[in-house]
Amino acid sequence: MVSPTRYAALLEYDGSEFCGWQRQDGLGVATVQDAVERAIGKVADENITVTVAGRTDTGVHACAQAVHFETRARRELRSWLRGVNTELPDSVSLLHIVAVDAGFHARFSALARWYRYVILNRGTPPTYLRRKVTWHRRALSVDAMAEAARCFVGRHDFSALRAAACQARSPLRTVHRLEVNRSGPWLWLDVEADGFLHHMVRNLAGTLLAVGGGEHEPAWAAQVLASGERALAGATAPPDGLYLARVTYPPQYKVEAPLNVCRFW
């Protein structure tokens, strides 16, 4: 019998078309995992189970989500790429695929994950970018948000920014960078860490939005973090503006994300 080959792949998707990444058996809802496994399975002509770097919630998008799967099917890499994209819905695209050794794991081999949260800060709501960006009507101070953001960089207990349903064993995470930038009406937050708790990025965004909108002084963010109390932090920001931008792996795996993250602003 032919031994299976493990493949790593990168995916781009519009999360507004799905009820999150994870398969939800018996509920009759569309998920990214269902679409991806169905498409790869068609090309492989066998049932496929995909392991993901990090599950995304309903409405959250991905510029380069990483997965791995195993199959006994033998195909050229370009055949996988073309064939799977033919079977995927328009809201999902396979960007890159490479054979990897059995030691590669989409989740556990990851060194870091980078999310970008995009905000349209103007008095009128978006039209063609509805469900692709978060709209915030009140004027926001980037300087105040950037000052508040600095307290989250480093290794901390992020209990104050985790969802009640979070199943992670430890609330400790290391944030490598958290930047706030602006161009005209567009603001975006870039946060890169060794891992994230459930809703951590959206709760970070909600807390920084509360500071940027003048509801709290920047020093309040450090108080929230130190408290460990979710009720003291800002509201959970909407999923619409959140993109999984990149997952970083050791270079020997050659799982390299294209630089296509939110380049239109």
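Starting from 1, each residue takes its place in the sequence as its number.
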request  = Just do the side chain to side chain contact (heavy atoms under 4.5 Å, CB included) check on L140 and L187 with the steps written out, would you?
outcome  = CA-CA 9 Å; L140 293 169; L187 279 79; 4.0 Å; yes
ask   = Should the pair F104 and Y249 be assigned to parallel (<30°), tilted (30 to 60°) or perpendicular (>60°) ring geometry?
value = tilted
task = Please work out whether the ring planes of H105 and F108 are parallel, tilted or perpendicular, with thresholds of 30° and 60°.
result = tilted
note = Partner of N121 under side-chain hydrogen bond (donor to acceptor under 3.5 Å, both in side chains), picked from H136, R182, R138, is R182
task = Any chance you could lay out the ring-ring contact (aromatic ring centres under 6.0 Å, His included) test for F196 and Y115, step after step, and finish with the verdict?
result = CA-CA 10 Å; F196 292 91; Y115 281 88; 5.2 Å; yes
Same apolar cluster: [X] and [Y], side chain cutoff 4.5 Å:
| X | Y | result |
| --- | --- | --- |
| V98 | V43 | no |
| M200 | L172 | no |
| V142 | L204 | yes |

ask   = Taking everything shown except D90 itself, do over 12 heavy atoms lie less than 6.0 Å from its CG?
value = no
ask   = Should the heavy atoms of other residues, nucleotides or ligands under 6.0 Å from CD of Q252 be counted, would the total exceed 12?
value = yes
query = Which pairs with one or both residues in residues 42-62 pass salt bridge (charged side-chain N to carboxylate O under 4.0 Å, His left out), sequence neighbours excluded?
reply = D57-R202
Between [X] and [Y], does any side-chain N to carboxylate O distance fall below 4.0 Å?
| X | Y | answer |
| --- | --- | --- |
| E192 | R246 | no |
| D14 | K132 | yes |
| R78 | E76 | no |
| R116 | D190 | yes |
| R155 | D194 | yes |

inquiry  = Please determine whether ring-ring contact (aromatic ring centres under 6.0 Å, His included) holds for the pair Y7 and W80, giving the CA-CA distance in whole Å, both sets of side-chain angles, and the decisive distance to 0.1 Å.
reply    = CA-CA 10 Å; Y7 291 93; W80 281 116; 5.4 Å; yes
remark   = Per side chain to side chain contact (heavy atoms under 4.5 Å, CB included), V133 is matched among D240, I119, V118 by V118
query = Just checking, R122 and W186: is the charged tip under 6.0 Å from the six-membered ring centre and within 45° of the axis?
reply = no
message = The test is side chain to side chain contact (heavy atoms under 4.5 Å, CB included); show your working for F152 and F158 and say whether it passes.
response = CA-CA 9 Å; F152 296 117; F158 283 96; 3.9 Å; yes
Is the shortest side-chain heavy-atom distance between [X] and [Y] below 4.5 Å?
| X | Y | result |
| --- | --- | --- |
| L225 | H156 | yes |
| V175 | V191 | yes |
| L11 | V36 | yes |
| T71 | P4 | no |
| L161 | T207 | yes |
| S183 | W188 | yes |

If we ignore angles and hydrogens, is there a donor and acceptor under 3.5 Å between the side chains of [X] and [Y]?
| X | Y | value |
| --- | --- | --- |
| N203 | T236 | yes |
| S93 | Y13 | no |
| S141 | D143 | no |

task = Test side chain to side chain contact (heavy atoms under 4.5 Å, CB included) on V92 and F18 and set out the steps.
result = CA-CA 10 Å; V92 187; F18 299 97; 3.5 Å; yes
inquiry  = Evaluate V50 against W21 for side chain to side chain contact (heavy atoms under 4.5 Å, CB included), listing each step before the verdict.
reply    = CA-CA 11 Å; V50 166; W21 166 269; 3.9 Å; yes
query = Can you check whether A110's main-chain N or O pairs, donor with acceptor, with R113's side chain at less than 3.5 Å?
reply = no
